[in-house]
Amino acid sequence: MKKLAIGLGVIASCAAAALAIAQEAPRTDEVRLNEIQVIGTHNSYSQGVDPQLLAMVDATLGPKLAAFANNMPEKMKADWQEYHPNFTSMSEGLNYRYTTLAAQLDAGMRSLEIDINNDPEGGRYAHPAGLAALRAKGVPDSQMLPHDATDMEKPGLKVFHVADLDVRSSCNLFTRCLRQLRAWSDAHPDHAPIFILVEAKSDALPVFPNSTPPLPFDRAAFDEMDRSIFKEIGRDKLVTPDDVRGTYPTLEAGVLAHNWPTLRRSRGKFVFLLLTALDPGALAAYHAGHENLEGRAAFLRATPGQSYAAFLLLDNANVRAKEIPERVRQGYLVRARADIETYEAKVNDLSRANQAFASGAQIVSTDFYKPGNAYGTSYVVRLPGGGEMRCNPINAPKACRLKR
């Protein structure tokens, strides 16, 4: 009888476990796109700036930036300090570089950032004034970091950070970057969704003689961006605002109803997120006539309450420690940064990264995802638990189990 009781107990335990798995599985399968967390890189195309050029900019621009920061109105100063909490100089802020986009994806990055610059006629940014300034000082090209100008004479959106200064990119044309992403995705068809932040650049930094003023982004430039994404990535490989809005009256209504697609339906796909530095003209150029981003390829940086609000840029998780978890629970997609302008790597401090991960921001960006930095510290940011994604610590179902 004792053996029978033990046997029945084992059978009962197995049945209970099987039932628990059966009950758990649907919840796990239905984890939503906004219920995961990934790590990514910032300015992912950047090949770094020549140190000689940075020294020149520090000498010229440093005092002006300091004076500008000191004389800001209080509201502007608070905003500046939130997004630039430890800014000291351009050479410190730009003290990072990357390899190829594919290499970062191979390393488990599931968010990349690509800056685009408007160049409909081609050639506008082909001859950086910063390099000309170095040559004028007698520095030969052989003593500069190499600058690959491939495709720069062609019409089309160009990929670099700051005109005339931070121009060394692993893929100069936006379309070329997109093709690299699609090729990697095709070779890894079951990958976790990849979030691509696209920043439309239009800020001038006239430090050098004969500097090139960037062109603003208008509707035609954004239409080109969308066409490029749809053509090179493919509609079937995208999660778009229309997918989240569904039958809801606004995109934000779909977001607040948690109408994000499931992870199962999002594998092998890309999510494009557009930043415009809150330039009202650029914002309007993208959503005018598309108040809920109907037909658009990208989600647009927004603030809650806007009809197209789905994606929030809350980079400073220390300042937004209470707000980010609240917004994540509501259904918004949030990006935060693990390190800002290299300060954390310099002082070897992971506290901002830990706060960003704990906040539930679905995307956490870093400039230091692998060992080795210019400061010689051991600072490296990794996704807690490893892998390409994890269950979101704030809003994922308790039964969430993700394939590593």
Side-chain angles (χ1 to χ4, degrees), residues 37 39-44 46 48-49 54 57-58 61-98 111 113 115 161-162 165-166 197 199 201 203 205 273 275-279 301-303 311-328 332-369 373-382 384 394:
Q37 187 175 65
I39 184 173
T41 53
H42 160 250
N43 292 345
S44 313
S46 177
V49 187
L54 286 173
V57 171
D58 281 349
L61 192 63
K64 295 179 182 178
L65 279 176
F68 174 71
N70 289 333
N71 293 319
M72 287 180 186
E74 287 305 311
K75 175 62 170 66
M76 183 185 294
K77 185 177 292 186
D79 290 343
W80 168 265
Q81 289 176 344
E82 176 175 347
Y83 285 91
H84 306 278
N86 299 294
F87 182 82
T88 55
S89 66
M90 293 294 285
S91 57
E92 290 281 358
L94 300 177
N95 201 8
Y96 58 87
R97 65 183 62 184
Y98 296 105
S111 176
E113 186 169 337
D115 290 346
H161 188 211
V162 181
L165 172 64
D166 193 355
L197 285 86
E199 183 169 1
K201 306 289 286 188
D203 298 330
L205 191 67
L273 309 167
L275 316 177
T276 65
L278 287 181
D279 173 6
R301 176 188 179 181
T303 55
F311 163 53
L312 312 180
L313 191 74
L314 301 174
D315 277 350
N316 195 328
N318 292 346
V319 172
R320 304 285 179 169
K322 293 183 178 179
E323 182 180 0
I324 293 176
E326 176 186 352
R327 298 304 186 190
V328 168
Y332 297 100
L333 201 66
V334 177
R335 197 286 287 269
R337 289 181 66 175
D339 34 75
I340 301 179
E341 288 157 351
T342 77
Y343 174 80
E344 284 76 18
K346 182 178 182 179
V347 300
N348 202 17
D349 181 6
L350 283 166
S351 60
R352 184 183 299 281
N354 293 336
Q355 180 63 52
F357 286 121
S359 75
Q362 292 90 344
I363 305 160
V364 177
S365 296
T366 180
D367 286 318
F368 305 96
Y369 69 95
N373 61 57
Y375 303 107
T377 67
S378 61
Y379 181 86
V380 180
V381 180
R382 295 186 174 95
I394 295 298

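Just so you know, residue 1 is the first one in the sequence shown, and it goes up from there.
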Next on the checklist: Suppose we screen for side-chain contact (heavy atoms from CB on, under 4.5 Å). Which residues come up paired with N354, at least two apart in sequence or across chains?
Outcome noted: L350
Next on the checklist: For the CD atom of E344 and the CZ atom of R352, what is their distance to the nearest 0.5 Å?
Outcome noted: 4.5 Å
Checklist entry - Taking only residues two or more places apart in sequence or in another chain, which ones pass ring-ring contact (aromatic ring centres under 6.0 Å, His included) with F357? => result none
Next on the checklist: Among residues at least two apart in sequence or on other chains, which ones pass side chain to side chain donor-acceptor pair (under 3.5 Å) with S365?
Outcome noted: R335
Item to check | Between T41 and D367, a side-chain donor and acceptor under 3.5 Å | outcome: no
Checklist entry - How long is the gap from CD1 on I363 to CZ on R337, to the nearest 0.5 Å? => result 13.5 Å
Item to check | Nearest-0.5 Å distance, CD1 of residue I39 to OG of residue S111 | outcome: 10.0 Å
Item to check | Nearest atoms (heavy-atom pairs only) where A317 meets A356 | outcome: CB-CA, 3.6 Å
Checklist entry - What's the shortest heavy-atom distance between P325 and I394, and which atoms? => result O-CG2, 3.8 Å
Item to check | Results of side-chain contact (heavy atoms from CB on, under 4.5 Å) for K201 - residues two or more places apart only | outcome: D115, N117, H161, E199
Item to check | Passing option when Y379 is tested against D349, D339, N373 for side-chain hydrogen bond (donor to acceptor under 3.5 Å, both in side chains) | outcome: D339
Next on the checklist: Within this structure, what is the NZ-OG1 distance for the pair K346 and T377, rounded to the nearest 0.5 Å?
Outcome noted: 11.0 Å
Next on the checklist: Please enumerate all residues that pass side chain to side chain donor-acceptor pair (under 3.5 Å) together with N318, with sequence neighbours excluded.
Outcome noted: none
Item to check | Y332: side-chain contact (heavy atoms from CB on, under 4.5 Å) partners, not counting sequence neighbours | outcome: E252, V255, L256, P304, A309, L312, R327, Q330
Checklist entry - Closest heavy-atom contact between A338 and V381? => result CB-CG1, 3.9 Å
Checklist entry - Can you tell me if N316 uses its side chain to pair, donor with acceptor, with the backbone of Y83 under 3.5 Å? => result no
Next on the checklist: For Y98 and Y96, take the angle between the two ring planes, folded into 0 to 90°, and tell me which bin it lands in: parallel under 30, tilted 30 to 60, perpendicular over 60.
Outcome noted: tilted
Item to check | Full working for side-chain contact (heavy atoms from CB on, under 4.5 Å) between H84 and N86 | outcome: CA-CA 6 Å; H84 306 278; N86 299 294; over 6 Å; no
Checklist entry - Quick one: do the Y375 and E92 side chains pair a donor with an acceptor below 3.5 Å? => result yes
Checklist entry - Any side-chain heavy atom of P85 sitting closer than 4.5 Å to one from I340? => result yes
Checklist entry - Heavy-atom distance under 4.5 Å between the side chains of L165 and V49, does that happen here? => result yes
Item to check | Exercise: do N95 and T342 side chains pair donor with acceptor under 3.5 Å | outcome: no
Checklist entry - What's the spacing between L314 CG and I324 CD1 if we round to 0.5 Å? => result 5.0 Å
Item to check | Candidate pair D166 and M90, rule side-chain contact (heavy atoms from CB on, under 4.5 Å), full reasoning | outcome: CA-CA 10 Å; D166 193 355; M90 293 294 285; over 6 Å; no
Next on the checklist: For the CD atom of E323 and the OG atom of S359, what is their distance to the nearest 0.5 Å?
Outcome noted: 11.0 Å
Next on the checklist: Determine whether E113 and H42 satisfy the following criterion, side-chain contact (heavy atoms from CB on, under 4.5 Å), listing intermediate values before the conclusion.
Outcome noted: CA-CA 5 Å; E113 186 169 337; H42 160 250; 3.4 Å; yes
Checklist outcome for this item: Between V328 and G360 the two heavy atoms that sit nearest each other are CG2-O, 3.4 Å
Checklist entry - In this structure, are over 12 heavy atoms from other groups packed under 6.0 Å from F87 atom CZ? => result yes
